[in-house]
2 protein chains.
Amino acid sequence: MATQTAAQLREEARRDYALWLAECPGRQVLDRLGDKWSALLLRALADGPRRYSDLSRLVAGVSQKMLTQSLRSLERDGLLNREVTAGVPVRVDYELTPLGHSMLSLVDASSTWARTHMPEVHAARARYDADAEARTDAEARDGKA
Amino acid sequence: MATQTAAQLREEARRDYALWLAECPGRQVLDRLGDKWSALLLRALADGPRRYSDLSRLVAGVSQKMLTQSLRSLERDGLLNREVTAGVPVRVDYELTPLGHSMLSLVDASSTWARTHMPEVHAARARYDADAEARTDAEARDGKA
DNA sequence: CAGCATCCGGATGGATACTG
DNA sequence: CAGTATCCATCCGGATGCTG
């Protein structure tokens with residue numbers, strides 16, 4: 001009997017790689033920053049503690065589902081602290097931990113890179129798209145096939 | 001007639017914010033780094049030009065669909081150059097542009113942060129999860145409701 | 001060799017309604 | 001006020017098969 005089909009071997013390799021990827025520290029950071037709201041929340045908390053409702057206004061576009069979900073996830077990773085003050089109504093404050101601040105500096109680095117290099121990126125895009133369109137037009141004119 | 005319902009107003013606000021987000025330079029960078037393969041590809045190209053097939057081996061887990069798609073996207077943004085050498089079989093090399101290298105340094109920054117701080121993150125997670133479980137257990141023991 | 005086209009499942013995330 | 005719970009659309013990305 002054959003040991004393993006090529007497909008099985010490939011899938012195994014892929015799974016191994018997925019595992020490796022999941023453990024790659026750099027990837028985990030990028031995943032965290034890559035999600036839609038984490039970076040925004042870190043920035044919103046940069047200047048000090050904020051209440052839940054403050055955050056939902058500060059980061060205007062977020063649904064309360066994603067707000068809560070993101071906050072929980074950031075809290076779990078030790079990037080921010082959640083402090084509940086009992087009473088009616090309840091009051092909940094969120095505050096960056098030192099770890100959170102250190103990650104914030106990473107966000108700022110991206111932001112800085114963006115400000116200095118995005119113009120180049122946009123220029124490159126414009127060139128690329130113009131060329132692509134030109135090629136498409138030429139094709140149409142030459143009556144391909 | 002009423003000018004606009006509350007729902008319409010909210011949706012409009014959300015759309016405005018989405019637009020603003022789409023233009024936020026920092027977000028665009030994070031989106032690029034956040035996607036599954038861009039950072040890996042930048043790293044794979046760090047030491048010099050690579051052929052398509054080299055890349056597909058170097059970044060072992062990627063499907064050729066995502067490989068091509070990511071490369072195209074990076075090329076469009078001016079982060080790498082695609083050079084086709086005619087012949088049979090065809091040969092295609094990819095190479096980082098200076099802009100690509102500069103973004104690579106951002107990837108490295110994340111990587112560095114990860115190496116120095118991920119242990120803290122994992123510790124925080126362990127604490128969080130342990131606490132959560134403890135709370136759940138207590139709830140069960142007290143026979144809630 | 002270096003792709004492109006198509007199909008498809010699962011995760012992401014938004015809208016809405018309800019709760020302590 | 002600060003959430004939780006549910007439903008649902010979209011989209012990312014993988015598998016497969018075909019091409020110059």
Side-chain angles (χ1 to χ4, degrees), chain A residues 5-15 17-18 21-22 27 30-32 34-38 40-41 49-73 75 82-94 132 136 139 144-145, chain B residues 5-15 17-18 21-22 27 30-32 34-38 40-41 49-73 75 82-94 132 136 139 144-145:
Chain A
T5 69
Q8 284 174 325
L9 281 172
R10 253 180 295 126
E11 199 199 337
E12 197 181 334
R14 203 186 53 72
R15 285 242 292 274
Y17 197 77
L21 252 195
R27 201 83 271 293
L30 262 5
D31 281 348
R32 151 80 46 235
D35 78 49
K36 209 171 174 183
W37 304 110
S38 296
L40 278 307
L41 285 175
R50 297 278 184 185
R51 299 182 55 174
Y52 183 90
S53 47
D54 291 338
L55 291 172
S56 86
R57 251 173 294 104
L58 243 57
V59 189
V62 71
S63 63
Q64 81 278 53
K65 173 188 169 180
M66 289 318 295
L67 179 54
T68 301
Q69 197 174 103
S70 303
L71 286 169
R72 286 289 190 284
S73 173
E75 184 196 3
R82 176 170 179 272
E83 194 168 346
V84 183
T85 309
V88 178
V90 195
R91 173 199 176 100
V92 181
D93 287 86
Y94 293 89
T136 306
E139 239 169 46
K144 50 168 301 199
Chain B
T5 68
Q8 283 174 325
L9 281 172
R10 254 181 295 128
E11 199 198 338
E12 197 181 335
R14 204 186 54 72
R15 284 242 292 276
Y17 197 77
L21 252 195
R27 201 83 272 292
L30 262 5
D31 281 347
R32 151 90 33 241
D35 78 50
K36 210 171 174 183
W37 304 111
S38 296
L40 278 308
L41 285 175
R50 298 278 184 184
R51 300 183 54 176
Y52 183 90
S53 47
D54 291 338
L55 290 173
S56 86
R57 252 174 294 104
L58 244 57
V59 189
V62 71
S63 63
Q64 84 279 50
K65 173 188 170 179
M66 289 319 294
L67 180 54
T68 301
Q69 196 174 105
S70 303
L71 287 169
R72 286 288 190 284
S73 174
E75 184 196 3
R82 176 169 178 272
E83 194 168 345
V84 183
T85 309
V88 177
V90 194
R91 173 199 176 100
V92 182
D93 288 87
Y94 293 89
T136 307
E139 238 169 46
K144 51 168 302 201

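Naming: A, B, ... by sequence-line order, numbering from 1 per chain.
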* To do: Mind checking side-chain hydrogen bond (donor to acceptor under 3.5 Å, both in side chains) for Arg51(A) and listing every partner two or more places apart, or none if nothing turns up?
  => none
Anything under 3.5 Å between a protein N or O and an N or O of nucleotides 9-12 of chain C, put it in a table, one pair a line.
none

* **Distance-only donor-acceptor check, side chains Arg82(B) and Tyr94(B), under 3.5 Å** => yes
* Base dG13(C) paired with Lys65(A) side chain (donor-acceptor, <3.5 Å) -> yes
* How close or far is atom P of dG3(C) from atom CG of Asp54(B), stated in whole angstroms? -> 12 Å
* For Arg91(B), which residues count as a salt bridge (charged side-chain N to carboxylate O under 4.0 Å, His left out) partner, sequence neighbours excluded? -> Asp93(B)
* **Spacing between Asp31(B) atom CG and dG13(C) atom C1', to the nearest angstrom** => 14 Å
* **For Thr68(B), side-chain hydrogen bond (donor to acceptor under 3.5 Å, both in side chains) partners two or more places apart** => Tyr52(B)
* Are any of Arg51(B)'s side-chain N or O atoms less than 4.0 Å away from OP1 or OP2 of dA2(C)? -> yes
* Asked: Where do Leu40(B) and Leu21(A) land on the side-chain contact (heavy atoms from CB on, under 4.5 Å) test, with the steps shown first?
  -> CA-CA 10 Å; Leu40(B) 278 308; Leu21(A) 252 195; 4.1 Å; yes
* Between dC1(D) (P) and Arg57(A) (CZ): distance, integer Å -> 8 Å
* Length of the line joining Asp35(A):CG and dC11(D):C1', which is rounded to integer Å -> 16 Å
* Asked: Could you give the NZ-to-P distance, from Lys36(A) to dG13(C), as a whole number of Å?
  -> 7 Å
* Asked: CG of Asp93(A) versus C1' of dA2(D): gap in Å, rounded?
  -> 12 Å
* Taking only the side-chain nitrogens and oxygens of Ser63(B), find out if one of them lies under 4.0 Å from OP1 or OP2 of dA15(D). => no
* To do: For the helix from dC1(C)-dG20(D) to dG20(C)-dC1(D), figure out the bend between the end axes, five pairs an end, and round to 10 degrees.
  => 50°
Using a cutoff of under 3.5 Å, can you pull out all pairs of nitrogen or oxygen atoms linking the protein to nucleotides 17-20 of chain D, with atom names and distances?
| residue | atom | partner | partner atom | Å |
| --- | --- | --- | --- | --- |
| dG17(D) | O6 | Gln64(B) | NE2 | 3.4 |

* Give the C-alpha distance, both sets of side-chain angles, the deciding distance and a yes or no for side-chain contact (heavy atoms from CB on, under 4.5 Å) between Leu67(A) and Trp37(A). => CA-CA 8 Å; Leu67(A) 179 54; Trp37(A) 304 110; over 6 Å; no
* Side-chain N or O of Tyr94(B) closer than 4.0 Å to phosphate OP1/OP2 of dG3(C) -> yes
* **Residues which pass side-chain contact (heavy atoms from CB on, under 4.5 Å) with Asp31(A), listed by chain and number, not counting sequence neighbours** => Arg27(A)
* **Sequence-distant partners of Val88(A), side-chain contact (heavy atoms from CB on, under 4.5 Å), two or more places apart** => none
* Rounded to the nearest Å, what distance is computed from the CZ atom of residue Arg50(A) to the P atom of nucleotide dC1(D)? -> 16 Å
* **With sequence neighbours excluded, residues passing side-chain contact (heavy atoms from CB on, under 4.5 Å) with Ser73(A)** => Arg32(A)
* Between Arg82(A) and dG3(D), does any side-chain N or O lie under 4.0 Å from OP1 or OP2? -> yes
* Structure fact -> Here the distance between atom P of dA2(D) and atom CG of Leu67(A), to the nearest Å, is 10 Å
* State which residues pass side-chain contact (heavy atoms from CB on, under 4.5 Å) with Gln69(A); sequence neighbours excluded, sorted by chain then number. => Lys65(A), Met66(A)
* Asked: salt bridge (charged side-chain N to carboxylate O under 4.0 Å, His left out) with Arg72(A): which residues, sequence neighbours excluded?
  -> none
* Would you mind listing every salt bridge (charged side-chain N to carboxylate O under 4.0 Å, His left out) that reaches into residues 52-64 of chain B, with sequence neighbours excluded? => Asp54(B)-Arg57(B)
* Which residue lies more 5' along DNA chain C, comparing Arg72(B) with Pro89(B) via nearest heavy atoms -> Pro89(B)
